[in-house]
Amino acid sequence: MSGTEKGSGTTKTPADFLKSIRGRPVVVKLNSGVDYRGILACLDGYMNIAMEQTEEYVNGQLKNKYGDAFIRGNNVLYISTSKRTLADGA
């Protein structure tokens, strides 16, 4: 992995990625294995996350739906952009 975006010739840092996905659908996986899927509202330098339209998945099964959710950063394993919309049952 070279750290550059394909074809653009510019370096994209993890901070740039996180700024670019604000307001978009994401999947947040916790150290416990639980997934939260929703719209990334904001995050800080400690990876504390605020999400909207959040759904909680345990072992791939929908367990709960929340309007807003706040996740403490030390519980986060990774944040990924969601390829499908929430309406598709991502």
Side-chain angles (χ1 to χ4, degrees):
M1 192 159 104
S2 67
T4 59
E5 219 176 328
K6 218 180 215 184
S8 72
T10 60
T11 301
K12 189 168 185 179
T13 66
D16 293 334
F17 167 73
L18 293 172
K19 286 177 192 171
S20 73
I21 63 171
R22 205 174 303 148
R24 294 180 49 200
V26 295
V27 177
V28 177
K29 185 153 189 105
L30 304 187
N31 295 326
S32 65
V34 176
D35 288 354
Y36 288 91
R37 301 174 188 184
I39 307 298
L40 180 65
C42 62
L43 62 121
D44 65 13
Y46 296 100
M47 296 292 286
N48 296 317
I49 298 169
M51 296 175 68
E52 300 170 341
Q53 302 173 29
T54 310
E55 298 175 338
E56 179 183 47
Y57 287 82
V58 179
N59 297 324
Q61 299 288 337
L62 178 63
K63 292 294 180 189
N64 242 324
K65 290 187 179 187
Y66 307 102
D68 294 331
F70 300 92
I71 301 171
R72 187 175 163 146
N74 67 332
N75 295 310
V76 176
L77 183 61
Y78 67 78
I79 302 173
S80 173
T81 54
S82 180
K83 290 189 165 95
R84 291 181 265 170
T85 64
L86 294 175
D88 293 337

Non-hydrogen atoms of [X] and [Y] that approach each other most closely:
X: Y36; Y: E56; result: OH-OE2, 2.7 Å
X: V27; Y: S82; result: CG2-CB, 4.3 Å
X: C42; Y: R22; result: CA-CD, 4.2 Å
X: N48; Y: G73; result: OD1-N, 2.7 Å
X: F17; Y: S20; result: O-OG, 2.7 Å

Original post:
Can you list the steps and then say if M51 with I71 is a side-chain contact (heavy atoms from CB on, under 4.5 Å)?
Top reply: CA-CA 8 Å; M51 296 175 68; I71 301 171; 3.9 Å; yes
**OP:** Could you check R72 against N75 for side-chain contact (heavy atoms from CB on, under 4.5 Å), going step by step and ending with a plain yes or no?
**Re:** CA-CA 6 Å; R72 187 175 163 146; N75 295 310; 3.7 Å; yes
Supply the atom-to-atom distance [X] [atom1] to [Y] [atom2], rounded to the nearest 0.5 angstrom.
X: Y78; Y: D35; atom1: OH; atom2: CG; result: 5.5 Å
X: F70; Y: L43; atom1: CZ; atom2: CG; result: 12.5 Å
X: N64; Y: T54; atom1: CG; atom2: OG1; result: 10.5 Å

**OP:** Output yes when a side-chain donor or acceptor of D44 lies under 3.5 Å from a complementary backbone atom of Y46, and no otherwise.
**Re:**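 Yes, D44 side chain to Y46 backbone: donor-acceptor pair under 3.5 Å.
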Original post:
In this structure, are over 12 heavy atoms from other groups packed under 6.0 Å from N74 atom CG?
Top reply: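 Buried by this count: over 12 neighbours within 6.0 Å.
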Would you indicate whether the side-chain heavy atoms of [Y] and [X] approach each other to under 4.5 Å?
X: Q53; Y: P25; answer: no
X: V76; Y: I49; answer: yes
X: I21; Y: I79; answer: yes
X: R24; Y: T81; answer: yes

**OP:** Decide yes or no on side-chain contact (heavy atoms from CB on, under 4.5 Å) for L77 and N31, but give the supporting numbers first.
**Re:** CA-CA 5 Å; L77 183 61; N31 295 326; 3.6 Å; yes
